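Step one of this worksheet: look at the structure below.
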There are 2 protein chains.
Amino acid sequence: MTKHDIPGIVIGRLPLYLRAIQRMAQEGQRVTSSQELGERLGVSAAQIRKDLSQFGEFGKQGTGYNIKYLSAQLRRILNLDGVWDMAIVGAGDVGSALAHYQGFRDRGFQATMIFDKDSGKIGTKIGALAVQDIANMTEIIRQANIKVAMVATPADHAQEVTDQLVEAGVKAILNYAPIQITVPDDVRVEYIDPATHLQKMSYYLE
Amino acid sequence: MTKHDIPGIVIGRLPLYLRAIQRMAQEGQRVTSSQELGERLGVSAAQIRKDLSQFGEFGKQGTGYNIKYLSAQLRRILNLDGVWDMAIVGAGDVGSALAHYQGFRDRGFQATMIFDKDSGKIGTKIGALAVQDIANMTEIIRQANIKVAMVATPADHAQEVTDQLVEAGVKAILNYAPIQITVPDDVRVEYIDPATHLQKMSYYLE
DNA sequence: TAGATTGTTAATCGATTAACAATC
DNA sequence: TAGATTGTTAATCGATTAACAATC
């Protein structure tokens, strides 16, 4: 089984399944079914069973899925057994909010460094992180063996910063800049752009 | 033509097309083709032509699409001719970053109010906005005829806050809380959860 | 006119769902 | 045992792509 045997659209749903069952666990629930999970998430029970069956047999006929077990399996599949260190590029409002955000840790990630090019910001602290000079970024990231980064610069610097991250060995980039960026085949990019989400919805307004 | 004749997946791509051609316009370009646009966005030329053809004929054989014209048409289709006022719920780091964010305006939205329940925050200013008491939210939003809101509360308050927004007449919600929320059929919800994006990518790491 | 590119149809591809035997 | 629910297959549904006549 290579990574590419499984459609990306299936992989994209696994984190949603994980989030939902972790919440169920928090609420003290021990077992769930594809039906219950599907209702919570607004997807069909058949789809959940089919998705999970791509990776193994995690349920039991008649009773459903043990939540702790399924949670552990999903974390294993998604490479979330440890915690991935992340770099943040850009110490504006978005980068700052990301540096403060406490929610990553429980879900397998933590920001360990933040970079900016503004000399007025370099050296200041954002939460627990001191802003570092972007001029040294490539070397520092490579040294620390960081594989995950979040880009929170203005659009017109995003590609340049991305090139440096790739050069430094980063393999997964979460891009907050409202622009498409180009990377080699072995690097993944995901996008977060609130305005595009809002525009999707405004179509249906009025 | 009702709104539901056109697949949501097509609507979801229009903002990306718009973003790309607005950038082209900014760079002084006057005309583009489905091929060029597709290369920029990593989608096929055929898909772009097919998507656009759902709404009309915007191009010219032999030459392509006039950027200003296509941009205006997309804005019209997406209901972006004016500026939609938005409410922000939750004045933590995320709400605060959203309140400061200058990028919405050019893309058809602006935050005009922010609410929190913390009496220590109520009355303080975040950018141009004074934090208001969430206890008065429903009334204030209804009064102002606000149709769009962003939820930036902790997960365990997101549903409660959503119910109030719906009650106040909001029809589009961008939810930053890492939890699925339930709304009536005539209300749209989009989700932003950086951790799920990161988890999608970690599957491919190592 | 020759070259380029659209809008659209038909073919292909892929994803979702329904159904059910297996079995806890 | 009877009831419930899985994992999986086949059928359905929907989205993408290829191809090309129309035409700028």
Side-chain angles (χ1 to χ4, degrees), chain A residues 1-18 20-21 24 29-74 77 200 203, chain B residues 1-18 20-21 24 29-74 77 200 203:
Chain A
M1 163 196 98
T2 85
K3 295 288 180 183
H4 290 286
D5 290 344
I6 291 164
I9 198 163
V10 173
I11 305 303
R13 282 189 294 257
L14 299 186
L16 300 176
Y17 299 164
L18 178 58
I21 63 165
M24 287 175 175
Q29 202 175 327
R30 292 228 152 76
V31 170
T32 188
S33 65
S34 57
Q35 169 133 41
E36 183 188 42
L37 192 53
E39 269 164 25
R40 274 232 198 185
L41 293 170
V43 307
S44 77
Q47 178 159 86
I48 289 173
R49 294 202 301 279
K50 185 130 213 281
D51 284 353
L52 295 177
S53 76
Q54 305 258 17
F55 303 95
E57 308 194 350
F58 306 126
K60 215 180 262 184
Q61 285 104 323
T63 62
Y65 300 90
N66 177 290
I67 284 176
K68 267 205 185 135
Y69 178 69
L70 182 55
S71 171
Q73 292 302 309
L74 285 173
I77 292 162
K200 249 188 257 195
Y203 172 78
Chain B
M1 162 196 101
T2 86
K3 294 288 180 182
H4 290 285
D5 290 343
I6 291 165
I9 198 165
V10 173
I11 305 303
R13 283 190 293 258
L14 299 187
L16 300 176
Y17 300 164
L18 178 58
I21 63 165
M24 287 173 174
Q29 203 174 327
R30 291 231 152 75
V31 170
T32 188
S33 65
S34 57
Q35 170 133 41
E36 182 188 43
L37 192 53
E39 270 164 24
R40 275 232 196 186
L41 292 170
V43 307
S44 77
Q47 178 160 86
I48 289 173
R49 294 202 302 278
K50 186 130 211 283
D51 284 351
L52 295 178
S53 76
Q54 304 259 17
F55 303 94
E57 309 194 350
F58 306 126
K60 216 180 261 184
Q61 286 103 322
T63 62
Y65 300 91
N66 177 290
I67 285 177
K68 267 204 184 138
Y69 179 69
L70 181 55
S71 170
Q73 292 302 310
L74 286 172
I77 291 163
K200 247 187 258 195
Y203 172 79

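In what follows, every chain begins at residue 1, and chains take the letters A, B, ... in the order their sequences are listed. Just so we're clear, the structure is a prediction, and the values are computed from it rather than from any experiment.
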Practice item. Would you mind telling me which of D:dA15, D:dT16, C:dT6 lies closest to the side-chain atoms of B:S33? Key: C:dT6

Check your understanding: Hey, does B:D5 have a side-chain heavy atom less than 4.5 Å from the side chain of B:Q54?
Key -> no

Review point. Taking side chain as C-beta onward, heavy atoms only, is B:Y203 less than 4.5 Å from A:V10?
Key: no

Check your understanding: Taking CD from B:Q54 and C1' from C:dT6, how many angstroms apart are they, rounded to a whole number?
Key -> 15 Å

Check your understanding: What closest approach, in Å, do A:T32 and A:I21 show between heavy atoms, and which atom pair accounts for it?
Key -> CG2-CG2, 4.5 Å

Exercise for review: Starting at atom CD1 of A:I11, determine the distance to atom P of C:dA15, rounded to an integer number of angstrom.
Suggested key: 12 Å

Review point. So A:L37 and A:M24, side chain to side chain contact (heavy atoms under 4.5 Å, CB included) or not? Walk me through it.
Key: CA-CA 10 Å; A:L37 192 53; A:M24 287 175 175; 4.0 Å; yes

Point to revise | Contacting residues from residues 40-53 of chain B, given that a heavy atom lies under 4.0 angstrom of DNA chain C | key: B:R49, B:K50, B:S53

Study note, to complete from the structure: Here the distance between atom C1' of D:dT8 and atom CZ of A:F55, to the nearest Å, is 16 Å

Review point. Given B:L74, which of B:F58, B:Y17, B:F55, B:Y69 fulfils the side chain to side chain contact (heavy atoms under 4.5 Å, CB included) condition?
Key: B:Y17

Practice item. Could you tell me whether the phosphate oxygens of D:dT5, OP1 or OP2, come under 4.0 Å of any side-chain nitrogen or oxygen in A:S34? Key: no

Point to revise | Helical stems, DNA chain D - three or more consecutive Watson-Crick or G-U wobble pairs below 3.5 Å | key: C:3-24 with D:3-24

Point to revise | Spacing between A:Y17 atom OH and D:dT6 atom P, to the nearest angstrom | key: 13 Å

Check your understanding: For the pair made of CD1 in A:I67 and C1' in D:dT5, what is the distance, rounded to whole Å?
Key -> 15 Å

Taking only N/O atoms, report every protein-nucleotides 21-24 of chain D pair under 3.5 Å with atom names and distance.
unit_1	atom_1	unit_2	atom_2	d
D:dT23	O4'	B:Q61	NE2	3.3
D:dC24	O4'	B:Q61	O	3.4
D:dC24	O2	B:Q61	O	3.2

Practice item. From the options B:S33, B:S44, B:S34, select the one residue that forms a side chain to side chain donor-acceptor pair (under 3.5 Å) with B:R49. Key: B:S34

**Study point:** Over all atoms of both residues, closest heavy-atom pair of B:V43 and B:Q47
**Key:** CB-OE1, 3.8 Å

Exercise for review: Would you mind telling me which of A:I11, A:L14, A:L52 makes a side chain to side chain contact (heavy atoms under 4.5 Å, CB included) with A:I77?
Suggested key: A:L14

**Study point:** Shortest non-hydrogen contact between A:I67 and A:Q29, atoms and distance
**Key:** CD1-O, 3.6 Å

Review point. Would you say a side-chain N or O of B:Y65 is under 4.0 Å from OP1 or OP2 of C:dA4?
Key: no

Review point. Roughly, in whole Å, what's the span from CD in A:E57 to P in D:dT6?
Key: 12 Å

**Study point:** Rounded distance [0.5 Å steps], CD1 in B:I48 versus CD in B:E36
**Key:** 10.0 Å

Practice item. Considering non-hydrogen atoms only, spot the tightest contact between B:A20 and B:L41 and give its length. Key: CB-CD2, 4.0 Å

Point to revise | Spacing of B:I9 atom CD1 relative to C:dG14 atom P, expressed in whole Å | key: 14 Å

